[in-house]
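Remarks on the structure that follows.
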Amino acid sequence: MVEEFEEAFAAFCDTSHAVAVNSGTDALRFAVMACGVEPGDVVLTVPNTFIATTEAISQAGAVPEFIDIDENTYNISAEGLQDFLEQKCMRNADGQLISKRLQRPVTAVVPVHLYGQMADMDSILRLAGHYGLTVIEDSCQAHGAEYFSGKLNRWMKAGTMGRAAAFSFYPGKNLGACGEGGAVTTNDAAIAAKIKMLREHGQAKKYYHDMEGYNGRLDSVQCGLLHVKLGHLAKWNAQRRDRAAEYDRLLAGNEAVTCPYEPSWSRAVYHLYVVRAVDRDGLARHLKTAGIGTGIHYPVPLHQQKAYLSMNYREADFPVAARLAGEILSLPMYPQLSAEQQARVTDEILGFVHDELISQ
Ligand SMILES: Cc1ncc(COP(=O)(O)O)c(C=O)c1O
């Protein structure tokens, strides 16, 4: 059942391999390890992601360093990445790219397709190619999202463009298990084989251990369930896109709430529908009183988290991520959300915005 699901998920993602593991965090940790990132290397990522992204990097023995995000897509800024590589790195005597701040080799970048929106992969891959960085996609929120590669002149699925990619099957994800789960996708047979070893105590053959690994398997019951749900994923993603378009329509023309921006090169799968509001906390309180649940993904950017105090970052180091954290609000979003429910959510939002304007 595990192999059957892996085959089906690889086919869905358009990759030659998918390896099921027991969480998205393990998927990313194993991908970082299998892609040849060495202990002590710097891996670049964004500060506005779930901490699992940086945990996976650290637990693979590497050190995360942050790049600020794009103001519109909320994903890694290609300009920010370029500035970092040009200005905050140098070459050592061996020609290795070194982070000036950490004095360690920079060897990989992990773009996160946050909220199911695609990062600008052509730009990232071009920079990565130029600087010799390995790209590992954090696709944990982006099952089935697509990116139009101008370079290749075709649509590409999330999880097919990096050397490897991590997916999460946490129950709330677009494809969710009945418990924890994850997968690594890759077109590289050697990486897939290494991940199979990492997930099972470093063995390629039962009780013959070529290295130390982990207990990172995904059990067959979850795979069976995921396989059934996978058959519905394209339809559910399309329903999420319809719901997102309806929110866009209902909220159009009001300046107090900004809807998500989907560039022409992206077909997002709206794991979350995240708006920006000037009085975010007031709006969230108002919706709660009206019986409407919302979320904040995420309230504190990683560079300001207690866990990373020792990195000595200042809030202003990543101004876009820091500002957005105070403005973002995730509205109810799931495939079965009805038009009536959506109208109620947007009526409450527009009512709140209107009352605030009057009281000013
Ligand atoms: C962006 C991102 N990366 C990594 C993960 C980790 O996935 P999991 O919770 O399955 O370990 C998640 C899931 O919550 C996520 O949203």
Side-chain angles (χ1 to χ4, degrees), residues 5 9 13 18-33 35 43-60 62 64 66-67 69-70 73-76 108-119 121 124 135-145 158-159 162 164-185 195 198-199 214-219 222-223 225-226 229 240 260 268-274 295-303 305 307-308 321 324-325 328 330 333-334:
F5 169 65
F9 191 64
C13 293
V19 183
V21 296
N22 70 12
S23 68
T25 312
D26 266 8
L28 192 56
R29 178 164 54 132
F30 296 165
V32 170
M33 293 170 121
C35 284
V43 177
L44 307 174
T45 193
V46 288
N48 67 328
T49 179
F50 183 51
I51 193 170
T53 309
T54 43
E55 283 174 336
I57 293 169
S58 304
Q59 290 164 12
F66 296 120
I67 306 291
I69 52 171
D70 178 82
T73 65
Y74 315 157
N75 279 321
I76 190 166
V109 55
V110 176
V112 181
H113 305 309
L114 197 71
Y115 310 149
Q117 303 275 352
M118 292 300 301
M121 291 304 291
I124 295 160
V135 178
I136 300 158
E137 298 170 68
D138 184 337
S139 302
C140 285
Q141 301 189 2
H143 321 63
F167 288 86
S168 164
F169 304 130
Y170 181 76
K173 295 293 196 280
N174 288 31
L175 179 62
C178 205
E180 305 289 339
V184 178
T185 54
I195 286 162
L198 283 167
R199 79 172 167 188
Y214 299 84
N215 179 357
R217 293 173 300 247
L218 185 56
D219 59 85
Q222 294 301 342
C223 286
L225 194 125
L226 285 163
K229 291 182 80 177
R240 284 177 186 266
V269 290
Y270 292 92
H271 170 55
L272 297 168
Y273 185 90
V274 179
I296 299 174
H297 302 88
Y298 301 89
V300 182
L302 294 180
H303 72 288
Q305 291 281 0
Y308 293 128
L324 277 178
I328 47 178
S330 307
M333 168 55 81
Y334 47 94

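All ligand and atom numbering here is 1-based and tracks the order in the structure. Quick note: residue numbers are just sequence positions, from 1. This one's a predicted model, so the numbers in the text were calculated from it and none came from an experiment.
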Would you indicate whether the side-chain heavy atoms of [Y] and [X] approach each other to under 4.5 Å?
X      : Y      : answer
Ile124 : Ile76  : yes
Asn75  : Pro111 : no
Leu175 : Lys229 : yes
Phe66  : Thr54  : yes

Mark yes when over 12 heavy atoms from residues, nucleotides or ligands other than Tyr298 sit less than 6.0 Å from its OH; otherwise mark no. yes

Residue shell around ligand 1, heavy atom under 4.0 angstrom: Ser23, Gly24, Thr25, Thr49, Phe50, Ala52, Thr53, Val112, Asp138, Cys140, Gln141, Ser168, Lys173, Gly181, Tyr298

Taken in chain and number order and not counting sequence neighbours, the residues that satisfy ring-ring contact (aromatic ring centres under 6.0 Å, His included) with Phe9 are Phe5, Phe167, Phe169

